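Just below is one structure, and these are the notes that go with it.
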Amino acid sequence: MGANFSRMGSIGALLVLSWAVMSTAWAAPRVLTAGIGLNADTPQGKAMQRFADTVQAKTQGRLRIELHPSGQLGDDMKMVKALQAGQQDITCPDSSTLAPLVKDFSAINYPFTFLNTADADAILDGDWGQRVLAKLPEQKLVGLAFWENGFRHLTNSRRPIEHLREASGVRVRVMQNQMLIDSFRQMGFDAVPMPFPKVYDALKSKEVDGQENPLPTILSSRFYEVQPYLTLSRHVYSAFVLLISKQTWDSLPPADRAILTSAAVEARDEQRRMNREMTAAALDQLKARGMKVSNIDVQEAESVRRQLRDVLDHYNRDIGEGAVVSMYIDLSRLRTQGAGSSSAVARQASK
Ligand code: TK8
């Protein structure tokens, strides 16, 4: 009886052991749903796929990220809300979308603040950007990394625009961010906030005259088909934030969280590289597709900043002067030290 009992015990142990082995080897993968606004052929789309592939490989297939590009799951704002509600796992909106949740995000889009990508990388990957991302968990979101949307340029179907001050009365779609709406109105535009997936049709039907986005988006979303005029204005730097739902995050073991974090940063570097390469190539392609290109003059940035002083002062107070000022201090340190030391400041700032 005693022998039988122990034999049964060891059979039981064997069963438990083989169940454990089988469940790690053959457990159905956990599928995480990811949605983005841009097409799969953009740097955002390609980097998301790379992020998904890395996560799947490093978790030995335990996590599979399923990508829905081109706004299939809705616009940025809708997807952010779905993440907060735990109904979607991952998205990568323009950071301006997050301003109603964490005010600081608006400062990234102050017109003519970032002058080059090295400055943007240093601020966003450094102390300032990491402090802002750290405010997201209170909003049921986890920010894994800043990716790049890029410098925004203006397109329209009315006439060539060589000065932003000449644009008065032009009806232009802007992102749904109050600081941007106020800034464009202050510049004289008839600014209409609208979710991105509606933009192509609104341009085509002439519901709006123009829009503004980085060159890779103007190309990939075929805005050139309905927008003959491109103004190389670089008026706003635009960042993406790779987000995961806090509910999803909390349900994952620490080892998988570490894999997601490192894959997000690795894909970020690749995404920025692809975005900069595509930006450099896009201008010729847009010209070849018939766009007429105007450059704004160098005085423009300064005069627009002066024109926007009241608007930006208002947002400085709203965000909290300290938060914005610390960004400017970091930026002016970068500028006095020269572009070459940007990454040194980022390293120092992220300590
Ligand atoms: C795509 C958006 C878009 C952004 C905009 O989902 O809305 O204009 O620049 O690229 O994030």
Side-chain angles (χ1 to χ4, degrees), residues 33-49 67-83 88 90-101 105-106 108-111 114 117 120 124 141 143 145-156 171-181 183-184 189 191-203 207-224 226-227 230-231 233-243 268 271-272 274-276 278-279 282:
T33 305
I36 53 170
L38 298 183
N39 298 328
D41 71 350
T42 58
Q44 186 192 46
K46 289 182 190 160
M48 264 293 192
Q49 195 51 59
L67 177 58
H68 302 265
S70 312
Q72 285 164 13
L73 303 182
D75 58 74
D76 284 356
M77 223 168 228
K78 180 169 179 223
M79 291 193 282
V80 167
K81 287 191 180 128
L83 259 67
Q88 182 182 324
I90 293 168
T91 190
C92 193
D94 190 88
S95 65
S96 61
T97 314
L98 300 169
L101 306 173
F105 281 107
S106 275
I108 296 168
N109 306 117
Y110 280 10
F114 291 128
T117 54
L124 299 176
L141 301 167
F146 283 101
W147 288 5
E148 179 168 272
N149 194 351
F151 281 102
R152 303 180 77 88
H153 301 278
L154 178 69
T155 67
N156 88 101
R171 199 169 160 81
V172 64
R173 175 269 174 175
V174 297
M175 292 191 285
Q176 295 159 288
N177 169 288
Q178 201 56 48
M179 184 281 300
L180 290 170
I181 298 167
S183 294
F184 276 85
F189 289 94
V192 184
M194 187 187 289
F196 183 77
K198 294 197 185 320
V199 176
Y200 183 93
D201 287 341
L203 295 169
E207 182 187 338
V208 292
D209 302 316
Q211 67 82 44
E212 41 85 58
N213 251 296
L215 298 180
T217 299
I218 298 171
L219 190 59
S220 165
S221 296
R222 300 175 159 269
F223 290 157
Y224 57 82
V226 286
Q227 298 277 274
L230 168 63
T231 304
S233 47
R234 278 173 74 93
H235 52 275
V236 160
Y237 180 81
S238 208
F240 288 126
V241 185
L242 181 59
L243 295 174
R268 169 196 77 195
Q271 192 271 345
R272 285 177 177 162
M274 288 189 287
N275 202 49
R276 288 161 197 179
M278 186 168 173
T279 301

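Values below: all heavy atoms of this structure, side chains included; hydrogens, waters and symmetry mates excluded. Keep in mind the model is a prediction, meaning the values are calculated, not measured. All ligand and atom numbering here is 1-based and tracks the order in the structure.
Taking Gln49 as the reference, Asp53 meet the side-chain hydrogen bond (donor to acceptor under 3.5 Å, both in side chains) condition, with sequence neighbours excluded. Residues satisfying the ring pair (Phe, Tyr, Trp, His ring centres under 6.0 Å) test with Tyr110, not counting sequence neighbours, are none. Shown here are the side-chain hydrogen bond (donor to acceptor under 3.5 Å, both in side chains) partners of Asp76, two or more places apart in sequence or in another chain: there are none.
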Q: Apply the test side-chain hydrogen bond (donor to acceptor under 3.5 Å, both in side chains) to residues Ser106 and Asn177: give CA-CA distance (whole Å), side-chain angles for both, the deciding distance (0.1 Å), then the verdict.
A: CA-CA 8 Å; Ser106 275; Asn177 169 288; 3.3 Å; yes

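Residues lining ligand 1 at a heavy-atom distance below 4.0 Å are given as Gly37, Leu38, Asp76, Asp94, Asn149, Arg152, Arg173, Met175, Phe196, Asn213, Phe240, ordered by chain and residue number.
For Asp209 (side chain) and Arg171 (main-chain N/O), a donor-acceptor pair under 3.5 Å exists by modelled atom type. When atom types are taken as modelled, the side chain of His153 and the backbone of Arg234 share a donor-acceptor pair closer than 3.5 angstrom.
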